[in-house]
Structure formats: structure tokens, C-alpha cells
2 protein chains.
Amino acid sequence: MATLTAAQRRQRDRQAYDAFLAACPARKVLDRISDKWVTLVLAALGDGPKRYSDLSRIIAGASQKMLTQTLRSLERDGLVGRTVTTAVPVRVDYELTELGHSLHAVVRQLKDWAESHIEEIEQARAAYDA
Amino acid sequence: MATLTAAQRRQRDRQAYDAFLAACPARKVLDRISDKWVTLVLAALGDGPKRYSDLSRIIAGASQKMLTQTLRSLERDGLVGRTVTTAVPVRVDYELTELGHSLHAVVRQLKDWAESHIEEIEQARAAYDA
DNA sequence: CTGAATCCCTAGCGATACTG
DNA sequence: CAGTATCGCTAGGGATTCAG
């Protein structure tokens, strides 16, 4: 094997690293929840099914594009269910699946951690900035 | 109050939404963990202190810039501690603080969830794509 | 060894307009 | 009502270079 330049080595490491990530389950979930819209939709659906328009209203900051995109990916992953009621104005309902609920439970723990430690973080920031 | 155009209404909603987010502890933690490098560093430090060069090797895919940037933000938030040993080549050690460990514990739950449900997600994806 | 500063490019997202 | 399609911007992050 020939000697590699630093750049080539970095490139190779990055390949190996990416491969490792692809095989790592934790990474896959991270991909899911690291999307802020995913978490927000999950939270919004946490207390029951919602219509598309409901979600759009609750998560006011999400563009149509992001909302639809997020719902599609969650549906694909089996985290939310989608029900279309063919009527004169079409009606679409979304709800967490069993799998979705179980993830929601974990995310809620994260939320709980946040609520109980956010003050410490802010203190640390203030101290650091000073 | 004058009548608003649709664009103006969206803008206003977005403002209100952002304000709500800023006050929401869950959003702040989401900001932290939604950064993939944060989670990886957290994981890497989960089993003991590491030198800068160790982290750089373990998280091979991270550029110097991202690694340093991530470590700084974690330090600022009081999640990791930084120890500089003034020597001829400078040596810097990083370790999780108590606060960092408690967040790590929660993130680990997420990881556990992933490992036990990733198969279902993949099945759902396969089914959806078909 | 550890880190700061710069350049630069792509992917993600918002805004808008159109369809069933 | 519930999307889809397209355009354009900007912010994240990689590569490179300089410094303590």
C-alpha cells in the first residue's frame, strides 16, 4: 500500500466512518429525531390524532413543504399512520402508530431532562461568557 | 388592526412560533442533541475522559473545525470539562461533567430504543417503498 | 498538539404558484 | 383541504492555511 497524503488519509477515514455510521442503529434514529420538525410533529401527535390542517396550525412555523415532507418520512418509517377520508373537501388524519408512541415516550424523557436541567445550562453559559 | 395578506399572517405566525420555541426547554435541548457531532462526542466521552487527538481519531469523520466547535459549545453549556496541561506539546483533556453524564444517560436510552426497533423501521420502509 | 481564521460550495429550507 | 413543483437564498460544514 502506497503512502497516503494527509488529505487522502482523511478521505479514507471519512469513508470508513460513514460506513460505520450506516451500520449503527443509533445513527439511524439520530437521523430521525435530529430533524427538528420530526420532534415537533411527534410532540403534536402525542396527545391524539390530528388533521393536516390542525398540525399546520399547531406547528405554525413549519412551511407546507416541511410539514408534508416530515409526515411522509414518518409514515415511511412506520411512526405515523395516515388516513384519507374521501369527501368533498378531502380530509386527512394523522396519528402515531404503536411504534411512534414508543419513540414519543423516549423523546418525552428528553423533554423532561430538558425541563429539569435547562437552568443549569443557562447558568453554565452565563458563567462561560463572563 | 388592518387586514393582513397571507404572507404577512404567515410571517406573524412564524414570529409567534419562534418566540414560543425560545421559551420552550424542550427546544433548547433539541438544539443541543440535534447536532450530530454533539451526540457523537457525547457518546465518545461516555466511557471516560479523552484527549483532543483521541476524539479526533475516534470520530474520524469530524473535521477539526466541527470537533473544536462542538467541544466549545458543549463546554459553554457545562456538559463537558476542559483541562489544559501546559507542556511542550500542549495536552488538552475533555471529560463529561455531571450534567453531561446525565444527558448522556438519556441519549443512551434513545440509542437503546434504536437498537430494539430499527428492524421494525426498516420493515416499514420496505413495505412503504413497495 | 491544539486551535483559530479563511474560502467556498452544496443541501436544506422558505416562498410562491399550481393541481385534484 | 391537502398536497406537488419550482426557484432562490443562506447557513452549515469541509478543505486549507496560519498561530501559540
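In what follows, every chain begins at residue 1, and chains take the letters A, B, ... in the order their sequences are listed. Heavy-atom basis, side chains included; hydrogens, waters and symmetry copies ignored.
- Ring orientation note: the planes of A:Trp113 and A:His117 are close to parallel, at an angle under 30° on the 30°/60° scale.
- Between the side chain of A:Lys36 and the main chain of A:Ser34, no donor-acceptor pair closer than 3.5 Å is present.
- Taking every heavy atom of residues 87-97 of chain A and every atom of DNA chain D, pairs under 4.0 Å involve A:Pro89, A:Val90, A:Arg91, A:Val92, A:Tyr94, by number.
- Across all non-hydrogen atoms, the minimal contact from A:Asp93 to A:Arg51 is OD1-CG, 3.4 Å.
- A distance of 12.5 Å separates CD in B:Gln123 from CG in A:Asp77, rounded to the nearest 0.5 Å.
- Between the CG atom of A:Leu67 and the P atom of C:dA15 there is a distance of 14 Å, rounded to whole Å.
- No more than 12 heavy atoms of other residues, nucleotides or ligands lie within 6.0 Å of NZ in A:Lys111, so this atom counts as exposed by the packing criterion.
- Nearest heavy atom pair, residue A:Ser73 against residue A:Arg32, reads OG-NH1, 3.4 Å.
- Between the side chains of B:Tyr52 and B:Thr68, at least one donor N or O lies within less than 3.5 Å of an accepting N or O.
- For B:Arg57 and C:dC1, the shortest distance from a side-chain N or O to OP1 or OP2 is not below 4.0 Å.
- B:Lys65 has its NZ atom 19 Å from the P atom of D:dA19, to the nearest Å.
- Scanning residues 29-43 of chain A for heavy-atom distances under 4.0 Å to DNA chain D yields an empty list.
- A sub-4.0 Å separation between OP1 or OP2 of D:dA2 and a side-chain N or O of A:Arg82 is absent.
- Regarding B:Leu55, its CG atom lies at a distance of 13 Å from the C1' atom of C:dC1, rounded to whole Å.
- As a whole-Å value, the separation of A:Tyr52 OH from C:dG20 C1' is 15 Å.
- Between the axis at the start and the axis at the end of the helix from C:dC1-D:dG20 to C:dG20-D:dC1 there is an angle of 40°, using five pairs per end and rounding to 10 degrees.
- Rounded to a whole Å, the CD atom of A:Gln69 is 12 Å from the C1' atom of D:dT4.
- In this model, the phosphate group of C:dT2 is approached by a side-chain N or O of B:Ser53 to a distance below 4.0 Å at OP1 or OP2.
- Note: A:Tyr94 OH to A:Leu71 CG = 4.5 Å, rounded to the nearest 0.5 Å.
- Residues B:Thr97 and B:Gly78 approach most closely at OG1-O, 2.6 Å, considering heavy atoms.
- Summarising the geometry, the separation between CZ on B:Arg51 and C1' on C:dC1 is reported as 7 Å, rounded to the nearest angstrom.
- Of the residues B:Leu67, B:Ile59, B:Leu42, the one that meets the side chain to side chain contact (heavy atoms under 4.5 Å, CB included) test with B:Trp37 is B:Ile59.
- For B:Arg72, the CZ atom sits in a packed shell: over 12 heavy atoms of surrounding residues, nucleotides or ligands are nearer than 6.0 Å.
- Computed from coordinates, the B:Met66 CE to C:dG3 P distance equals 15 Å when rounded to whole Å.
- B:Gln64 comes within 4.0 angstrom of a nucleotide base, judged by non-hydrogen atoms across all strands.
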